[in-house]
A.B. asks: 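Pasting a structure here, questions to come.
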Amino acid sequence: MSDMEKPAQAQFVHCMLIPLQKHYLLLPNSTITEVLPKATIKQAATKMTPWLEWVEWQLIKLAVVDLETLLKQNIETLYPANKLCIIEGINADADIGFYAIPCTGSPQLITLNASALKMTHDQNNSDYLYCQIKVGNKVAFIPNLDTLEIAIKNANLSAKND
């Protein structure tokens, strides 16, 4: 069978489904560098904003982004985030090597194609969110990482100027 005769193959993406407090986060597997128990991370300073704090990781200052708070979801102020997902920055303009997102459990590796994704009717018009989808019976955020990384950069610059 020639290449021209082969049936079209569905495009699959390897993702991580990351448990937050009330939702899940869906990221491409390639963006996640490491998942750490939060107890091994040293707190670097007090929170700059309700959604951003800093910790030390591998001798660098690392932003920790509470995505649900940033999206203004109704969450508890203190919740059992016991792990940090270390994310590799993708926006060259933001110039952020790595940052972290706290999670409440271990991320799950899943493989998806477009037919497995169903849009939810929940509306969240945040610049930090591309969309909300259902993966099985779970609601997952697909974040706008470019915008998120610029927000981290801007918050860091504001703190340095204060």
A.B. asks: Could you state the interatomic distance from CH2 (Trp57) to CG (Leu62), rounded to the nearest 0.5 Å?
C.D. replies: 6.5 Å
A.B. asks: Would you name the heavy atoms of Glu88 and Phe98 that are closest together and state the gap between them?
C.D. replies: CA-CD2, 3.8 Å
A.B. asks: Quick one: CG on Leu25 to CD1 on Ile87, what's the gap to the nearest 0.5 Å?
C.D. replies: 7.0 Å
A.B. asks: Distance-only criterion, 3.5 Å: show the donor-acceptor pairs between side-chain atoms of residues 27-35 and protein atoms not counting sequence neighbours.
C.D. replies:
unit_1: Thr31; atom_1: OG1; unit_2: Pro28; atom_2: O; d: 2.8

A.B. asks: Is any side-chain heavy atom of Val13 closer than 4.5 Å to a side-chain heavy atom of Thr111?
C.D. replies: no
A.B. asks: Where do Cys85 and Cys103 come nearest, in terms of heavy atoms and distance?
C.D. replies: SG-SG, 3.8 Å
A.B. asks: Would you give the length of the straight line joining atom OG of Ser126 to atom CD of Gln132, rounded to the nearest 0.5 angstrom?
C.D. replies: 10.0 Å
A.B. asks: Is any side-chain heavy atom of Lys138 less than 4.5 Å from a side-chain heavy atom of His23?
C.D. replies: no
A.B. asks: Applying side chain to side chain contact (heavy atoms under 4.5 Å, CB included) to Gln58 and Ile86, what does each step give before you reach the verdict?
C.D. replies: CA-CA 11 Å; Gln58 295 188 1; Ile86 309 300; over 6 Å; no
A.B. asks: Return the CG to CG distance between Leu20 and Asp66, rounded to the nearest 0.5 Å.
C.D. replies: 8.0 Å
A.B. asks: Show your reasoning for whether side chain to side chain contact (heavy atoms under 4.5 Å, CB included) applies to Glu68 and Lys22.
C.D. replies: CA-CA 8 Å; Glu68 285 179 310; Lys22 290 191 173 186; 3.6 Å; yes
A.B. asks: Please name all residues satisfying side-chain contact (heavy atoms from CB on, under 4.5 Å) with Leu59, sequence neighbours left out, ordered by chain then number.
C.D. replies: none
A.B. asks: How long is the span from the CG atom in Leu67 to the CG atom in Leu129, to the nearest 0.5 Å?
C.D. replies: 7.5 Å
A.B. asks: Determine whether Ile101 and Val64 make a side-chain contact, defined as any pair of heavy atoms from C-beta on separated by less than 4.5 Å.
C.D. replies: no
A.B. asks: Go through the steps for Ile152 and Trp51 under the test side chain to side chain contact (heavy atoms under 4.5 Å, CB included), then give the verdict.
C.D. replies: CA-CA 10 Å; Ile152 295 167; Trp51 60 270; 4.3 Å; yes
A.B. asks: Side chains of Leu112 and Ile110: does their closest heavy-atom pair fall under 4.5 Å?
C.D. replies: yes
A.B. asks: What are the two closest heavy atoms between Pro102 and Leu84, and how far apart are they?
C.D. replies: CA-CD2, 3.6 Å
A.B. asks: Side chains of Leu36 and Lys83: closer than 4.5 Å at any heavy-atom pair?
C.D. replies: no
A.B. asks: Less than 3.5 Å apart, which donor and acceptor atoms pair up between the side chains of residues 139-150 and the rest of the protein, not counting sequence neighbours?
C.D. replies:
unit_1: Asn144; atom_1: OD1; unit_2: Asp146; atom_2: N; d: 3.3
unit_1: Asn144; atom_1: OD1; unit_2: Thr147; atom_2: N; d: 3.1
unit_1: Asn144; atom_1: OD1; unit_2: Thr147; atom_2: OG1; d: 3.3
unit_1: Asn144; atom_1: ND2; unit_2: Thr147; atom_2: OG1; d: 3.1
unit_1: Glu149; atom_1: OE1; unit_2: Ile90; atom_2: N; d: 3.0
unit_1: Glu149; atom_1: OE1; unit_2: Asn91; atom_2: N; d: 2.8
unit_1: Glu149; atom_1: OE2; unit_2: Ile90; atom_2: N; d: 3.1
unit_1: Glu149; atom_1: OE2; unit_2: Tyr99; atom_2: OH; d: 2.9

A.B. asks: Is there a side-chain contact between Val135 and Tyr24 (heavy atoms, below 4.5 Å)?
C.D. replies: no
